[in-house]
Number of protein chains: 2
Amino acid sequence: MRKNFDYHALLGEKNPLLQFPKLKEAAIDEFSRKSFAEASLNEILKTAGMSKGSLYHHFGDKFGLYLAMLDLIVEKKLSYFYPLLQDGLDTSDFFDLLQKTMKATMDFMVADPRMHHLSNRLLEESVEFRNRLLSFYTPDYFQTFAAYVRQAVESGQIDSRYPPEFVAQVVEIMLSSVHKLVRTGEPEELLETAAQVVDFIKYGISRR
Amino acid sequence: MRKNFDYHALLGEKNPLLQFPKLKEAAIDEFSRKSFAEASLNEILKTAGMSKGSLYHHFGDKFGLYLAMLDLIVEKKLSYFYPLLQDGLDTSDFFDLLQKTMKATMDFMVADPRMHHLSNRLLEESVEFRNRLLSFYTPDYFQTFAAYVRQAVESGQIDSRYPPEFVAQVVEIMLSSVHKLVRTGEPEELLETAAQVVDFIKYGISRR
DNA sequence: GATGGTTTAGACCGTCTGGTCTAATTGGAC
DNA sequence: GTCCAATTAGACCAGACGGTCTAAACCATC
């Protein structure tokens, strides 16, 4: 934790990473392959052709670089979901919402698998590390499916024999595992697989 | 890679780790919390109260220790599945097999969550590392569900609209995610959750 | 051109890493 | 007790790590 450095200045439009494209790429590359502790700052700097002085001047420390990078990724990921919310989405049709979310998640994953990997890798970091990152965002910034699931149970779309938390977990497991289900990444495959996954979540695999 | 050291001697009944219970515990602890590269050998040694000389004498290097530990874990995990195979299991009933596998996986996870974590963490290691480990086992040692799935598709238990590989992947995703679905770990909860998961995989979550 | 803040370069620091090596200790065979 | 191999202890090594710091370079303003 560096003194006299305001990490908040790294977020949003003034994110200094926007001015260092090579650093951004090098960071995403390294942090998607290794955990935060395992990733080598020296390696990132070498790849990006940046000096240590510059990095510490702009980002404070290793954590600052990670935070700045994550902010860009989060923004990128959200950009895949904004269209959904604008297109007059009917959030009362749970499975339609699920299918669109699944497709958006796959699009994001295919567009840059490194970012998808990085998101999943973050979930494996220590609680302290994740909490420290979360402290820079408002609590409801990352809303999960839990709310919609509860709604869908009440409206009778989801069978009430399952506890809502169970369903929410299952949905999140499938969303974070899309990379294991997509093969080529071609647009038509994504559409088909997204439909298939939702179909599976909806009706299961037994013969019908 | 250490010269003149036979890693194969670490496996099976003569696994030297069996003679160093504290080392075994320390290793499982560290390797379940950190990746192979991230884990600290010095920390393990300190915790186990063992000297560096001893470790390198018995295990060759860090990799040897990991291999020996993994061998014990694999054996432990298999011990949860042997009973299934012996009890005159009807492998033609896919969903019965699935439920028993699910329950065994949960039992294993609850008995020692560190081992379950470690198995999952291994899947995140580099391909080289995993291949190096796999080279010490016969190819069919870790059989997946793929064969049974294909069988179940042919016998009409699984809907043929899904590609068998898709179903196999989905099953493996759920099996590796049991820790996200089990809460207390009490025996009755495990039974219920195992049934619930299989029910979900079979029929989905839609109202019926 | 002079001034002064911003940015960059990279030598350097203490710490930790996995691994090596040698000397001391242990323990069974005779 | 003697011998010798197996085992243990831990000092030591080179290299990598994140981070600090100072001096140079840059650049806008006048």
Side-chain angles (χ1 to χ4, degrees), chain A residues 1-7 9-10 14-24 26-31 33-70 125-126 128-129 132-133, chain B residues 1-7 9-10 14-24 26-31 33-70 125-126 128-129 132-133:
Chain A
M1 186 97 63
R2 198 189 160 88
K3 291 178 188 175
N4 304 326
F5 189 87
D6 179 20
Y7 291 104
L10 298 170
K14 296 198 172 178
N15 191 324
L17 212 46
L18 292 169
Q19 289 164 0
F20 302 98
K22 282 176 70 180
L23 180 62
K24 173 186 155 192
I28 295 177
D29 239 67
E30 181 77 355
F31 285 125
R33 275 195 249 277
K34 321 248 188 86
S35 69
F36 177 73
E38 214 167 334
S40 164
L41 205 47
N42 292 325
E43 184 61 31
I44 293 174
L45 290 173
K46 205 167 65 183
T47 306
M50 184 182 236
S51 77
K52 219 161 221 194
S54 295
L55 185 120
Y56 278 83
H57 176 74
H58 290 290
F59 300 94
D61 58 7
K62 193 186 186 182
F63 177 81
L65 174 62
Y66 189 95
L67 180 63
M69 175 203 66
L70 190 64
E125 298 280 357
S126 74
E128 298 78 33
F129 184 71
R132 193 178 168 202
L133 286 169
Chain B
M1 186 98 61
R2 199 189 159 87
K3 291 179 187 174
N4 306 326
F5 189 87
D6 180 19
Y7 291 105
L10 298 171
K14 297 198 170 176
N15 190 325
L17 212 45
L18 292 169
Q19 290 164 359
F20 302 98
K22 284 177 68 181
L23 180 63
K24 173 187 155 192
I28 295 178
D29 240 68
E30 181 78 356
F31 285 126
R33 275 195 247 278
K34 320 247 188 87
S35 70
F36 177 74
E38 216 166 331
S40 164
L41 205 47
N42 293 327
E43 184 61 32
I44 294 175
L45 290 173
K46 205 166 67 184
T47 306
M50 185 182 234
S51 77
K52 219 160 222 194
S54 296
L55 185 119
Y56 278 83
H57 176 73
H58 291 290
F59 300 93
D61 57 8
K62 192 186 187 184
F63 177 81
L65 174 62
Y66 190 95
L67 180 63
M69 176 204 63
L70 190 63
E125 297 280 357
S126 73
E128 297 79 33
F129 184 70
R132 192 177 168 202
L133 286 169

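Since the structure is predicted, the reported quantities are computational estimates derived from the model, not experimental observations. Labels below follow one simple rule: chain letters A, B, ... track the order of the sequence lines, proteins then strands, and each chain is numbered from 1. Excluded from the calculations below are hydrogen atoms, water molecules and symmetry mates; all remaining heavy atoms, backbone and side chain alike, are included.
- Contact annotation: B/H58 side-chain N/O to D/dA6 OP1/OP2 distance is not under 4.0 Å.
- The shortest distance between side-chain heavy atoms of B/F59 and B/L17 falls below 4.5 Å.
- For A/T47 and A/E30, the side-chain atoms include no donor-acceptor pair closer than 3.5 Å.
- The CZ atom of A/F129 sits 4.5 Å away from the CZ atom of A/F36 when rounded to the nearest 0.5 Å.
- Within the 4.5 Å cutoff, side-chain heavy atoms of A/F63 are placed close to those of A/L133.
- Here the C1' atom of nucleotide C/dG10 and the OH atom of A/Y56 are 13 Å apart, to the nearest Å.
- Interface residues of residues 37-55 of chain A facing DNA chain C, ordered by number: A/S51, A/K52, A/G53, A/S54; criterion, heavy-atom separation under 4.0 Å.
- In this structure, NZ of A/K62 is placed 9 Å from P of D/dC17, rounded to the nearest angstrom.
- Rounding to whole angstrom units, CZ of residue A/F59 and P of D/dG18 are separated by 16 Å.
- Listed pair A/H57 / C/dT8 fails the phosphate criterion, with no side-chain N or O lying under 4.0 Å from OP1 or OP2.
- When the options B/D61, B/L65, B/I44 are evaluated for a side chain to side chain contact (heavy atoms under 4.5 Å, CB included) with B/L55, the one that passes is B/L65.
- One atom, CZ of B/F5, and another, P of C/dG19, lie 12 Å apart when rounded to the nearest Å.
- Between the CZ atom of B/F20 and the P atom of D/dT8 there is a distance of 5 Å, rounded to whole Å.
- One interatomic measurement links the two molecules: CD of A/E30 to C1' of D/dC17, which rounds to 12 Å at whole-angstrom precision.
- For the ring-ring contact (aromatic ring centres under 6.0 Å, His included) criterion with B/H58, the lone passing option out of B/F5, B/F20, B/Y7 is B/F20.
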